[in-house]
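A, B, ... follow the sequence lines: proteins, then strands. Residue 1 opens every chain. Only a predicted model underlies this, so the values are computations on that prediction, with no experimental measurement involved.
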Protein chains: 2
Amino acid sequence: MPKPDADPTVQLDLSVDRSSPVPLYFQLSQQLEAAIEQGVLTPGSLLGNEIELAARLGLSRPTVRQAIQSLVDKGLLVRRRGVGTQVVHSQVKRPLELSSLYDDLEAAGQRPATKVLVNTVVPASAEVAAALGVTEDGDVHRVERLRLAHGEPMAYLCNYLPPGLLDLDTGQLETTGLYRLMRSAGITLHSARQSIGARAATAAEAERLGETEGAPLLTMQRTTFDDTGRAVEYGTHTYRPSRYSFEFQLLVRP
Amino acid sequence: MPKPDADPTVQLDLSVDRSSPVPLYFQLSQQLEAAIEQGVLTPGSLLGNEIELAARLGLSRPTVRQAIQSLVDKGLLVRRRGVGTQVVHSQVKRPLELSSLYDDLEAAGQRPATKVLVNTVVPASAEVAAALGVTEDGDVHRVERLRLAHGEPMAYLCNYLPPGLLDLDTGQLETTGLYRLMRSAGITLHSARQSIGARAATAAEAERLGETEGAPLLTMQRTTFDDTGRAVEYGTHTYRPSRYSFEFQLLVRP
DNA sequence: GTAGTCCGATTGTCCGGACATTCGGATTGA
DNA sequence: TCAATCCGAATGTCCGGACAATCGGACTAC
């Protein structure tokens, strides 16, 4: 009985457009990622050696390697010296990005709505001043929002921003997420420090979220930095655990 | 009045050992990382252009770029075309790894202790079977542990492992973390899917953790995969929010 | 003075090649 | 039969060079 080939080397029709301004390695990595996404490249299948792949596409090996490496970094491929490069056995989706709750809900088809409760300038408390790196009692923007999904309150978001960074329009805040506003204002987000915990709801918190006093709440604090190292946002959020949990995938750094 | 140079190009004494089996780019990236860690390379300072750095070290530019790129991926450096490469303005520590609670506590100097409550083989429930990708009612290892810090219970950990993967010695489980055991058994961890939430403690949970019934608990579910895509571990954990919260740093993918 | 333009500096992309290292199977030997 | 050895295959590392794209400051023109 002939044994079926378990991990065949897949032949794809790949091509690159040298007249395009898009980098060649990026064109290739996108095509490979699409092939994996659509199941053309099945989990476990080998990708064929780099040399031949480069020759087939008329590219150099470094370029092909750069394309493959970007997918390895995303967790979609695994390289094994002496063996080859193969597609990871699925399960991998998104390796945890610095995403906004708004975008997450929208992607999940939850039709998020936002109610801006407060949008003003206040003197910075000691906590906020320390997080944002501004002087205490200096001006900071304060935004309080209630995030709803299907008309039900899901989270209470309280955010602080350093002054002069961004015009915070209440109308815009109700139709999109804070991160998207910041990015479109030319701020390049770089990293964030997060802390996720839980605690019992105070009376005021319970009131806001439609829970009862003492009910468990999921809490998140976050400070976000841009690529110059400035803190550009500090926020304390509380979530209804029956409506929301943090789901993410993370990769092991090799 | 002479204006002090805010972001000077720093001169370091770097060197590489060509007789070492350690890759040159790795030697360089380690030295740069150490210089950043120790404050020799101050936040905001420029790194000097790649060409000259390569010439100074007797390396080629691709090698230097590979070293720099690895630090950019770690979030320690930022590159700007036409400007140069500069050290990120601090704040960056660890970009969230797939770490074990045991190692985290140990690194924080908390002297963690583990009490193994259950270490046995059981038939897989539907939930466990789905997570691990084994047949329902098939054998799986079940480990229940209580993790303590300073003698106080901090978390209750319930884990399932597919059969035949690992010898689970109760003594070893009490002196180290599960991940370390798996790694030393030759399993290369690749990624994990996590879900963090909160809920009120049941009577049994409260009893185990020394809380009262209805107290808020922080919960985490995780399925871990190796680089072949096999699920190698599934666990449901509950934490006392007064004793533990998830703290991590995450990077924005450029 | 202010706006637009030019230009040097620096990183980004890409090439073609060379050798080293590791894996896994096939061969060989006990 | 089983273990040790060899060998092909594939990725890992490294080189030296070339040109493109972009940033920021200096210069120029109005």
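- Straight-line distance from the CG atom of Asn49(B) to the C1' atom of dG24(D): 16 Å, rounded to whole Å.
- Checking Leu41(B), Val88(B), Ile36(B) one by one against Leu77(B), the side-chain contact (heavy atoms from CB on, under 4.5 Å) holds for a single residue, Ile36(B).
- Contact between the side-chain N/O atoms of Thr63(B) and the OP1/OP2 oxygens of dT13(D) is not found at any separation under 4.0 Å.
- Summarising the geometry of Glu233(A) relative to Pro162(A), their closest heavy-atom pair is N-CD, 4.4 Å, with the distance given to 0.1 Å.
- When DNA chain C is scanned in the 5' to 3' direction for atoms under 4.0 Å from non-hydrogen atoms of chain A, the outermost contacting nucleotides are dT13(C) to dG24(C).
- Residue Arg65(A) is the one, among Arg65(A) and Val64(B), whose nearest nucleotide of DNA chain D lies closer to the 5' end (criterion: closest heavy atom).
- For dA10(D), neither phosphate oxygen OP1 nor OP2 lies less than 4.0 angstrom from any side-chain nitrogen or oxygen of Arg79(A).
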Could you list the donor-acceptor pairs under 3.5 angstrom formed by side chains in residues 58-68 of chain A, with sequence neighbours left out?
{"from": "Ser60(A)", "atom 1": "OG", "to": "Thr63(A)", "atom 2": "OG1", "distance (Å)": "3.1"}
{"from": "Arg61(A)", "atom 1": "NH1", "to": "Glu50(A)", "atom 2": "OE1", "distance (Å)": "2.6"}
{"from": "Arg65(A)", "atom 1": "NH1", "to": "Glu50(A)", "atom 2": "OE1", "distance (Å)": "3.3"}
{"from": "Arg65(A)", "atom 1": "NH1", "to": "Glu50(A)", "atom 2": "OE2", "distance (Å)": "3.1"}

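- Nucleic acid contact class of Arg61(A) (heavy atoms, under 4.0 Å, all strands): base.
- Of the residues in residues 23-36 of chain B, Pro23(B), Leu24(B), Tyr25(B) come within less than 4.0 Å of DNA chain D through at least one heavy atom, sorted by number.
- Summarising the geometry, the separation between CD on Glu52(A) and P on dA9(D) is reported as 13 Å, rounded to the nearest angstrom.
- Atom-to-atom, CG of Leu46(B) to P of dG25(D) comes out at 12 Å; the value is rounded to the nearest Å.
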